[in-house]
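A note on names: the letters A, B, ... follow the listed sequences, proteins ahead of strands, and every chain is numbered from 1.
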Amino acid sequence: MTSTATHGIDTPALISWFSGAGRALPWREDGVSAWEILLCEVMSQQTPVARVEPVWRDWLARWPGPAELAAAAPADVIRMWGKLGYPRRALRLRECAVVVVDTFGGEVPTDVDDLLSLPGVGDYTARAVACFAHGQAVPVVDTNVRRVVARAVNGLAEAGPPSNRRDLAAVEALLPARREDAVAFSVAIMELGALVCTARSPDCDACPLAPSCAWVAAGKPAWEGPRRKTQTYAGTDRQVRGMLLDVLRDGDGTATAARLDLVWPDEVQRARAMASLVDDGLVVRGEDRYSLPT
DNA sequence: TACTCGTGGTC
DNA sequence: TGACCAAGAGT
């Protein structure tokens, strides 16, 4: 858009920074399959990368590919997911494996629209797989990328509410023409947002984009837009769901209703949380007990 | 669009 | 110490 702008993304500096400062994550090694990359992307949704690594390794040791996962019992999948959070992702991942096997011949699709048809794969993950696993020059937009663009290009402290169309177009405009450069750009800008241009305390002194950053040039003005609603957790249904599922996950996959009653005192909320777990397919109701789905 | 959906670390 | 945040997706 603004090809003559003095501020923006210095792509060569960004890519050069990554080659020296990027983390040596296991899924960035040579020879990692598309399925393995899809797996780490799904696990990383709203979850810190450090927590993902060990689960990713254990998971692949048990179910190396989509065929193995598709044949697994949901109860085992939920347990292997452990405490990564948002356990519905585990069920969707298994459904995703089924679709990959039944519809795509066991191979992770390369087309973005095909990827979007997979359960648990949305706008970010579809393009992340297309780019990182298949080397395609498609815009990859996550929270890190949105923040870096907001600062370096737009001179704003925060990205504001996400808008898929706008965000994709904004990053598309920044994407280098050559495929290899586009992939390197996406990996690097995400990493910069994760390690340097962080939400809380950006380390501008260590940032390769600081000389060209519109936000730095403007004197790092504070965010003027609306505050994001702070996510409460204590006392919510989510917490109760987590506590209920934790009991089932740690034991042999089943627990009496009486045992689960001890988890939360408010009977109405407890019943609502359990009903939603059943509705999600994470729990199955028995006579006087509940179990993980076998 | 706005809301729901886990878990744990950080400052 | 509690608010904030973390490679989003689905409805």
Test side-chain contact (heavy atoms from CB on, under 4.5 Å) applied to A/I9 and A/L209, step by step: CA-CA 6 Å; A/I9 308 280; A/L209 302 184; 4.0 Å; yes
C/dT11 and B/dT7, which share atom name C1', separated by this distance in whole Å: 23 Å
Sugar-phosphate, base or nothing in reach of A/T143, heavy atoms under 4.0 Å: sugar-phosphate
Residues A/D246, A/K83: salt bridge by 4.0 Å N-O rule: yes
Sugar-phosphate only, base, or nothing, as touched by A/A194 at under 4.0 Å among non-hydrogen atoms: sugar-phosphate
Chain A footprint on DNA chain C, 5' to 3' - any atom under 4.0 Å from a heavy atom: C/dA3 to C/dG10
Greater than 12 external heavy atoms within 6.0 Å of A/E180's CD: yes
Sugar-phosphate, base or nothing in reach of A/L245, heavy atoms under 4.0 Å: nothing
Salt bridge (charged side-chain N to carboxylate O under 4.0 Å, His left out) assessment of A/E158 paired with A/R147: CA-CA 6 Å; A/E158 295 183 20; A/R147 186 173 53 250; over 6 Å; no
For A/P66 against A/G106, the heavy-atom pair lying closest together: CG-O, 3.7 Å
Sugar-phosphate, base or nothing in reach of A/A199, heavy atoms under 4.0 Å: sugar-phosphate
Sugar-phosphate only, base, or nothing, as touched by A/P161 at under 4.0 Å among non-hydrogen atoms: nothing
Nearest-angstrom distance from the residue atom CH2 of A/W81 to C1' of B/dC5: 13 Å
Neighbours of DNA chain C within residues 33-55 of chain A, by heavy-atom distance under 4.0 Å: A/E41, A/S44, A/Q45, A/Q46, A/P48
Residues that A/W264 engages under ring-ring contact (aromatic ring centres under 6.0 Å, His included), provided they are two or more places apart: none
Sugar-phosphate, base or nothing in reach of A/T232, heavy atoms under 4.0 Å: nothing
Protein-nucleotide distance (A/D237, atom CG; B/dG6, atom P), rounded to Å: 10 Å
Same-atom distance (P) from C/dA7 to B/dA2, integer angstrom: 23 Å
Euclidean distance, atom NZ of residue A/K83 to atom P of B/dC5 [Å, nearest integer]: 18 Å
5' precedence on DNA chain B between A/K229 and A/G242 (nearest-nucleotide basis): A/K229
Length of the line joining A/Y86:OH and B/dT4:P, which is rounded to integer Å: 11 Å
Residue mapping more 5' on DNA chain B - nearest nucleotide basis, A/G85 or A/R166: A/R166
Note: A/D142-A/R146 ion pair, threshold 4.0 Å (strictly below): no
Test item: A/N144 and A/I189 side chains (from C-beta on) under 4.5 Å apart, heavy atoms: no
Euclidean distance, atom CZ of residue A/R79 to atom C1' of B/dG6 [Å, nearest integer]: 19 Å
Rounded distance (Å) that lies between atom P of B/dT1 and atom CG of A/D123: 12 Å
Side chain proximity check, A/Q136 to A/C131, heavy atoms < 4.5 angstrom: no
Rounded interatomic separation in angstrom, taking CZ from A/R88 and P from B/dC5: 7 Å
Exceeds 12 heavy-atom contacts within 6.0 angstrom, atom CZ of A/R28: yes
Touch class at under 4.0 angstrom, heavy-atom based, for A/R28 against every strand present: base
A/W215 to A/G155 - nearest heavy-atom pair and separation: CD1-O, 3.4 Å
Euclidean distance, atom CD of residue A/Q231 to atom C1' of B/dA2 [Å, nearest integer]: 15 Å
Touch class at under 4.0 angstrom, heavy-atom based, for A/R249 against every strand present: sugar-phosphate
Sugar-phosphate only, base, or nothing, as touched by A/L282 at under 4.0 Å among non-hydrogen atoms: nothing
Sugar-phosphate, base or nothing in reach of A/R147, heavy atoms under 4.0 Å: sugar-phosphate
5'-most by nearest nucleotide on DNA chain C - A/R200 or A/E191: A/R200
Touch class at under 4.0 angstrom, heavy-atom based, for A/V145 against every strand present: nothing
